[in-house]
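Comments concern the structure below.
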Amino acid sequence: MTDPNDPNHAAVLPHLAVIGAGPAGLAATVAAASRGVRVTLLDSAAQEGGQFYRQPAAELRARRPQALHHEWRTWERLRNGLRTHVDAGAVRHLTDHHVWLVERGSEGFTVHALLGPEQEEPVEVRADAVLLATGGYEKVLPFPGWTLPGVVTAGGAQAMLKGALAVSGRTAVVAGTGPLLLPVATGLAAAGVEVAALVESADPKAFAGRTGALAAQPGKLAEGAGYAARLLRHRVKVLARHTVVEAHGTERLEAVTVAALDGDGRVRHGRERRIACDTLAVGHGMLPHTDLAGTLGCRLDGLAVYVDEEQRTDVPGVWAAGETTGIGGSALSLAEGHIAGRSAAARLRGTEPDPRAWAAAAKVRDRLRAFFAALDSVYAPPAHWTEQVTDDTVVCRCEEVTGGAVRQAVAELGAGDLRTVKLLTRAGMGWCQGRVCAPAVAGLAGCELTPSRRPFARPVPLGVLARAGEPESD
Amino acid sequence: MVGAACALYAGRAGLDVVLVDRGPVAGGTTGAGEGNLLVSDKEPGPELDLALLSGRLWAELAQEFGAAVEYEAKGGVVVASSSGGLAALERFAEGQRAAGVVAEPVAGDALYELEPHLAPGLPGAVHYPQDCQVMPALAAAHLIRASGARLLTGHTVTDVLRAPDGPVRGVRTDRGDIHAPAVVNATGTWGGELAALAGVPLPVLPRRGFVLVTEPLPRKVRHKVYAADYVADVASDSAALQTSPVVEGTAAGPILIGASRERVGFDRTFSLPAVRALAAGATRLFPFLEQVRALRSYLGFRPYMPDHLPAVGPDPRVPGLYHACGHEGAGIGLATGTGRLIAQALTGGTPDLDLTPFRPDRFAEEAA
Ligand SMILES: Cc1cc2nc3c(=O)[nH]c(=O)nc-3n(C[C@H](O)[C@H](O)[C@H](O)COP(=O)(O)OP(=O)(O)OC[C@H]3O[C@@H](n4cnc5c(N)ncnc54)[C@H](O)[C@@H]3O)c2cc1C
Ligand SMILES: Cc1cc2nc3c(=O)[nH]c(=O)nc-3n(C[C@H](O)[C@H](O)[C@H](O)COP(=O)(O)OP(=O)(O)OC[C@H]3O[C@@H](n4cnc5c(N)ncnc54)[C@H](O)[C@@H]3O)c2cc1C
């Protein structure tokens, strides 16, 4: 039996719990384990890799998975590093562990997890410090028809490709905004899907003004050029400054209507066109996962977890790295994870870390942060996207709250912020706790998207909660 | 909620009302609690009288707003866990009956007809048909809309304006002055701060409470069900954690479990011990809840006063200043009666209840 809290282990080395086995969590785990710290790495997925290195399920024995991944070599190096440390007993890798709460006590931390996929059986891991590398999740804004079967998130389409090598449909449209749409479109095309169009609401001309930060990233530009070439090769039509105004279908998706946008980000009426498709992959960027950090009392900086130069949060003993601290792609997550792992290892061993030791990673981090800040100002949903949301469009799927109900709460009942709209309409009270609809509700209410408090990162059975952290579970 | 009810009854009494809040509608404790309108947990005395008056007014308002505020006259069931507890509960109910409460003893087997999913082997209960339910945020929003009051959200009161000889002249906000011959302090947990702006002490303190919310379920819990030890907690002066879960199904499907009571100031940190105790209490009453998932938990700060009664009525120390705050864990339930009493005081009418027990200056001697 592998007891996570085996005292034989616990007595010797300081113990770091890393939550999330994506690029950031993997880099942190390897960095810390190489420096005399015992690490427990927890992730809800069945395999390491996170969003980016999401691997084809082993049983499919994909012949050339590397065709789906650039940066395959970095991935191999990390995975081998992880295996070496696991074999040496320095790292315990707990897959299928859904962390629902991290509790800070007088003698360290308790990580509370549920064993997946059923998520009924509890597991508790005690640690001296925790490193949050929980990544982010996709933002999707509503439009009429977005709830039809066949409409998936960009990440969902990508995951289908990478995770199961199965393709959801034969003719796809990829739409929304952001750098993720490119790999999704080329990935689908490479897998044999006919990609009828890539519909991007951002204005390519806007890049011109941002050349400073963008030119400082030759690697990223090359990556972009690579996608452009691949789009061309697969004859994917790119419709910039366009948006999907409606998805059509009775039982499931049959077509979408796409329209051009004017200079103010409004749909140009009379210029719509209909494109037949059975899959629509939509995405409007990513948002950081901050639930665990929020419950620990970590300060947030906007929608992301605040960290200092060493990737420490403002709660002693809690580090954060990767997209939970801000969206910025896998290379940035790797750099942050590396720094966080080194800082945590040094401090857990009672030494002051020397930032010069990770100067190279810090340089990459600073450059990529500037780059993504610039990208962020370019990729944006159409300024007036809410005009497409009809009163009968469902905005909150869990509670079936329509755009009209949200508008009524604002216009007639005095709601002016996310929390009040939620209280008055139930938007955001359901199973997903507003993770999906909060950006949409904020847009419709004309207020700022503020982080909401979600004490539990996962729904937890009351029976588990009733016994959580009790002494007899030791 | 209390400000909304004051605005409604004052407006209907013919007054011109401006409702000022630094946040949005229901942004204070009203949006962070539950909407139990309880008589069952109150011992005979001024609070129960206010609860009975309020209950009648809520029933009237239900004719008008009904479904919009999710009013439900579902009744409460207070369960005893031991035969000794049952005897105490029945004695308590007898006193309540004398004060006008409908309290029907329920024997063991009849209990399972009322609530089939309760844990087996419970000795008995008391059924309180007058216990009701509203959705607080919706209730506040709809009462405000119906009041005709001018609503100024996002306005923080920074001072209470007073004439040189004493009476109030209005309030100063961060966005301008508002002149009025009467000011009603309905700032709940922050009532002491507002009173201080007018130069008088009012001991309102926060008492933290957590609520647990489950995934939506088909209705399995029909009434408001809670264990008898709740009654002891409400009147308790202990600062320690005491939990007495009221378990109830909602129209929307989720089961609400609440609430804990702790005096920890305005500390918003999540407390696993408090929430764990809620889960433990609820699963003890309803074993099927073991497998049901909690989706979220939220917390709020009840406004409490040292003797657990609110401050309602004119402040003799400052002419023109009225208080309507300090309702602790019952401010939703007691809002209507409070609003009616305040409107009567503002218009010089005869109050439906004697305001003496609720006098805002009743603590003055202690404070001095
Ligand atoms: C569709 C798509 C395409 C992309 N394409 C590219 C690309 O081409 N180039 C590029 O640079 N980037 C790309 N990205 C972005 C890249 O995936 C991310 O930048 C990167 O994965 C972030 O790494 P991370 O370690 O911060 O988080 P993630 O990779 O998101 O890892 C977080 C991990 O934490 C786990 N986790 C979260 N919460 C919990 C919990 N409560 N309990 C247990 N485990 C938890 C998750 O299961 C996940 O494995 C793409 C992303 C998507 C969605
Ligand atoms: C967990 C929990 C469960 C509860 N369950 C119940 C229940 O089941 N039944 C029940 O009846 N009660 C319950 N309560 C109690 C109930 O919520 C409160 O008694 C009630 O909400 C108090 O209402 P209020 O209007 O006095 O205060 P609030 O709703 O807090 O309103 C006061 C308002 O004053 C505003 N304010 C404060 N200072 C200023 C200023 N300087 N300028 C401008 N505005 C200001 C605030 O922004 C706030 O909106 C519960 C409370 C909690 C915490």
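Below, chain A is the first sequence line, B the second, and so on; all start at residue 1.
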Scored by heavy-atom pairs under 4.5 Å with chain A, the best of B:Thr283, B:Leu272, B:Ile257 is B:Leu272
Margin query: Is there a side-chain contact (heavy atoms from CB on, under 4.5 Å) between A:Gln433 and B:Arg296? Walk through the geometry before answering.
Written below: CA-CA 8 Å; A:Gln433 288 293 292; B:Arg296 64 194 172 102; 2.9 Å; yes
CZ of B:Phe270 to CZ of A:Arg453, rounded to nearest 0.5 Å, is 11.5 Å
Under 4.5 Å to a heavy atom of chain A? For B:Arg284 that would be neither
The interface call for B:Ala139 against chain A, heavy-atom contacts under 4.5 Å, is neither
The interface call for A:Thr420 against chain B, heavy-atom contacts under 4.5 Å, is side chain
Between A:Leu424 and B:Ala137, the two heavy atoms sitting closest are CD2-O, 3.4 Å
From the list B:Val292, B:Val213, B:Thr214, the residue making the most non-hydrogen contacts under 4.5 Å with chain A is B:Val292
Open item on the list: Applying salt bridge (charged side-chain N to carboxylate O under 4.0 Å, His left out) to B:Glu290 and A:Arg467, what does each step give before you reach the verdict?
Closed with: CA-CA 10 Å; B:Glu290 285 265 343; A:Arg467 285 180 285 276; 2.9 Å; yes
In this structure, are over 12 heavy atoms from other groups packed under 6.0 Å from A:Glu400 atom CD? no
Pair count under 4.5 Å, heavy atoms only, with chain A: among B:Val275, B:Thr153, B:Leu151, B:Ile144, highest is B:Val275
Stepwise side-chain contact (heavy atoms from CB on, under 4.5 Å) check, A:Leu462 with B:Arg293:
CA-CA 6 Å; A:Leu462 287 168; B:Arg293 281 167 206 270; over 6 Å; no
Closest non-hydrogen contact found for B:Ser297 with A:Pro455 is O-CG, 3.1 Å
Note to self: Could you check whether atom CD of B:Glu64 has more than 12 heavy atoms from other residues, nucleotides or ligands sitting under 6.0 Å from it?
What the structure shows: yes
Heavy-atom nearest pair, B:Glu215 first then A:Trp431, reads CB-CZ3, 3.3 Å
Okay, A:Arg426 and chain B: the region with an atom under 4.5 Å from a heavy atom over there is side chain
Heavy-atom count check: over 12 atoms from other residues, nucleotides or ligands less than 6.0 Å from B:Asp16 CG? no
Distance-only, no hydrogens or angles: does the B:Arg276 side chain make a donor-acceptor pair with backbone N or O of A:Leu465 under 3.5 Å?
no
If one checks every heavy atom of A:Leu101 against chain B at 4.5 Å, the contacting part turns out to be side chain
Honestly, the part of A:Arg419 sitting under 4.5 Å from a heavy atom of chain B is side chain
In this structure, CE of A:Met429 is separated from CG of B:Leu295 (nearest 0.5 Å) by 11.5 Å
If one checks every heavy atom of B:Pro136 against chain A at 4.5 Å, the contacting part turns out to be neither
Side chains of B:Gln291 and A:Pro461, heavy atoms from C-beta outward: is any pair under 4.5 Å?
no
Heavy-atom nearest pair, A:Leu423 first then B:Leu138, reads O-CG, 4.5 Å
Assert top hit (heavy-atom pairs under 4.5 Å, partner chain B, pool A:Arg104, A:Glu399, A:Arg458, A:Glu412) equals A:Glu412
Turns out that what part of B:Leu212 lies under 4.5 Å from chain A's heavy atoms comes down to side chain
